[in-house]
Amino acid sequence: MVGADIAWIIVASGLVLLMTPALAFFYGGLVRSKNALNTMMMSFAAFAVVGVVWVCVAYSLAFAPGNAWIGGLDHLFLKGVDLEAKGTIPHLLFMAYQGTFAIITAALISGAVVERMRFGPYLAFIALWTALVYAPVAHWVWGGGWLQTDGALDFAGGTVVHVNAAAAALVAALVIGPRADYGRQAPLPHSVPFVLLGTGLLWFGWLGFNGGSALSASPIAALAAVNTIIAPCATALVWLGLDYGRTGKFTAVGLATGIVVGLVAITPAAGFISPMNALLLGGLAAIPSYVGIIIRSRSRLDDSLDVTPAHGVGGIVGALLTGVFAAKEWGGVDGLVGGNPGQVGTQAVGVAAALAYSAVASFLLLKFIGLFGALRPTARSEAVGLDLGEHGEEGYTTGDGAILVLQAKETTR
Amino acid sequence: MKLVTAIIRPEKLNAVLEALFKADVRGLTISRCHGHGGEIVAVTNYRGTTAKMELHEKIRLEIGVSEPFVDIAVQAVMAAARTGEVGDGKIFVVPVERVYRIRTGELDTEAVTPPMTAGSI
């Protein structure tokens, strides 16, 4: 084992861990104030649910030796996951680092169903989804599964994390349906500063997400970290230009979205392409997602926080451009520009497989959970806001007129 | 006594307060409110969502004044709050049946600011 590697992956685990609270702020700022806590809780609660599912079951399904499709049960309840080396770091640390990925991935899905999903069914969904969708797809790409054998490149999880979550998000938005007032009232972000704060923290955490995916304190980790800094800069710049061209204003939510799209797009490519190509990739990635968001918001699809155009389209574009720009001298295998056009096809197969499996499995999971109770809150609860309806709390309250009740039962509403 | 209620642009609040204090009109209440007075709508863009803001932020001033101060207060607000564009706001002057000052129990003219004093006009 290598001390520097261990130190870096511990730090990187902390950085990726921070991305889930960061996402809570990013998503929380984009919703109306009556749903602020509910939306932020959807991210934070992923710690509680996915963290436990990962340790007990999902890690084994993703990374224990198995077949081409799913890992085995050897590491159930961390059996055999100890301080012995896996690569150059302790197996236990590898498990925890991968766990932080599972948590943020499940939390990403929530953006499509904010302001209108009951919390209990949501928790059930992300628990089952982590074990039955995230774990197998992670196994395909990283755990010795068929996509890894095929040579699909996914440095830090463009397909496993972003395409996978976006497919689930799209299906969840369709199954649960649009918000009651969708298409009639403009649901404006209640705190754009929260959105910018979340964006900054996501970017910071993403250095651990991509840089740590080298699983060592190596030159490739440095490349991945540097590309993670460079690419979103270009995406943000192009996004500002597109925004100015369309509306005549440089919007803050637009800039924040551009940065996130750039981060998504560089994720599969981070440790495989040159920094100048990362700049190019970042700039190119802005356009499809930007167009996607415009189309999405004029459609009947209430993917409320644009998970599909941002993470889905951005993830697909990133995965395909990885096949274009990957270069042997930068740690990958040669892609299209290196004279290997077949790599783009391999990338496309990986993306299509993740999209299809995640969409179908998420649909079945939601229908299954729907058998045990409504996925949606009552119309009244949705109208009043899910902060009160689901949590019995409010994100913003003056406290005026709050009379102390000594018997807690009376507060039940 | 009269109650002068003025609805003004938020960005004009400082100018209006200055004008009122200069005119010796003290004792007022302000509140933030929203209104629509036929002005051109502001357009905001959040990602793909374009929203027309039909309600605009306004400030409501409520000023209780004695009879001689009605015109002074009205003119002060009018001069300070005017830009000439649609959306400058309104001033309502309504009669008041009774006014008490809570601290002293003083009634009517004694209770509103300012009572007539030498040199104030």
Side-chain angles (χ1 to χ4, degrees), chain A residues 26-27 29-32 111 179 181-192 194-196 199 239-240 242-261 286 289-310 313, chain B residues 3 5-14 16-17 26-64 83-90 96 99-105 111 113:
Chain A
F26 184 78
Y27 279 174
L30 285 170
V31 298
R32 288 168 285 187
R179 288 167 286 185
D181 49 8
Y182 179 71
R184 284 183 286 126
Q185 198 187 340
L188 302 187
H190 91 281
S191 173
V192 179
F194 266 18
V195 178
L196 292 172
T199 305
W239 206 283
L240 277 179
L242 291 169
D243 249 0
Y244 189 76
R246 188 176 68 90
T247 69
K249 296 278 199 298
F250 302 104
T251 72
V253 173
L255 179 74
T257 310
I259 289 171
V260 171
V261 167
S289 288
Y290 191 92
V291 174
I293 285 177
I294 301 299
I295 295 171
R296 204 288 305 159
S297 51
R298 277 151 187 64
S299 73
R300 284 300 299 151
L301 172 65
D302 187 11
D303 173 358
S304 313
L305 308 183
D306 292 307
V307 183
T308 313
V313 175
Chain B
L3 179 65
T5 302
I7 313 290
I8 61 165
R9 297 178 187 274
E11 66 268 27
K12 285 290 178 189
L13 176 60
N14 277 342
V16 168
L17 287 177
R26 289 178 229 97
L28 51 83
T29 306
I30 74 155
S31 40
R32 299 182 176 279
C33 54
H34 291 86
H36 179 74
E39 58 263 63
I40 297 165
V41 292
V43 175
T44 60
N45 283 289
Y46 298 96
R47 290 192 178 164
T49 304
T50 303
K52 289 198 298 185
M53 308 304 285
E54 296 285 6
L55 291 176
H56 291 255
E57 266 197 42
K58 299 287 173 191
I59 299 283
R60 178 173 51 221
L61 294 127
E62 286 160 304
I63 315 162
T83 68
E85 302 288 317
V86 179
D88 275 352
K90 292 271 188 300
V96 174
V99 182
Y100 292 96
R101 172 173 281 135
I102 292 176
R103 173 171 55 89
T104 58
T113 310

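Throughout, a chain's letter reflects where its sequence line sits, starting with A, and its residues are numbered from 1.
For chain B, the nearby part of A:Arg246 is the side chain; its heavy atoms alone come within less than 4.5 Å. Heavy-atom distances place no part of A:Asp243 under 4.5 Å from chain B, backbone and side chain included. With a threshold of 4.5 angstrom between heavy atoms, A:Ile295 does not approach chain B through any atom at all.
Listed for the B:Arg47 side chain is a donor-acceptor partner under 3.5 Å among the backbone atoms of A:Leu305.
Considering only residues two or more places apart in sequence or on other chains, A:Asp303 meets the salt bridge (charged side-chain N to carboxylate O under 4.0 Å, His left out) condition with none of them. Judged as a side-chain contact (heavy atoms from CB on, under 4.5 Å), and not counting sequence neighbours, the contacts of A:Asp181 are A:Arg32, A:Arg179, A:Arg184, A:Gln185.
In this structure, A:Ser297 and B:Gly48 approach most closely via the heavy-atom pair OG-CA, 3.1 Å.
In summary, of the residues considered (A:Thr257, A:Val192, A:Val195), a side-chain contact (heavy atoms from CB on, under 4.5 Å) with B:Tyr46 occurs for A:Val192 alone.
Distance check: A:Thr247 OG1 to B:Asn45 CG gives 4.5 Å after rounding to the nearest 0.5 Å. Taking CG of A:Asp306 as the start and OG1 of B:Thr49 as the end, the distance is 7.5 Å to the nearest 0.5 Å.
Per-residue counts of heavy-atom pairs under 4.5 Å with chain B were compared for A:Leu188, A:Ile294, A:Thr251; the largest is that of A:Leu188.
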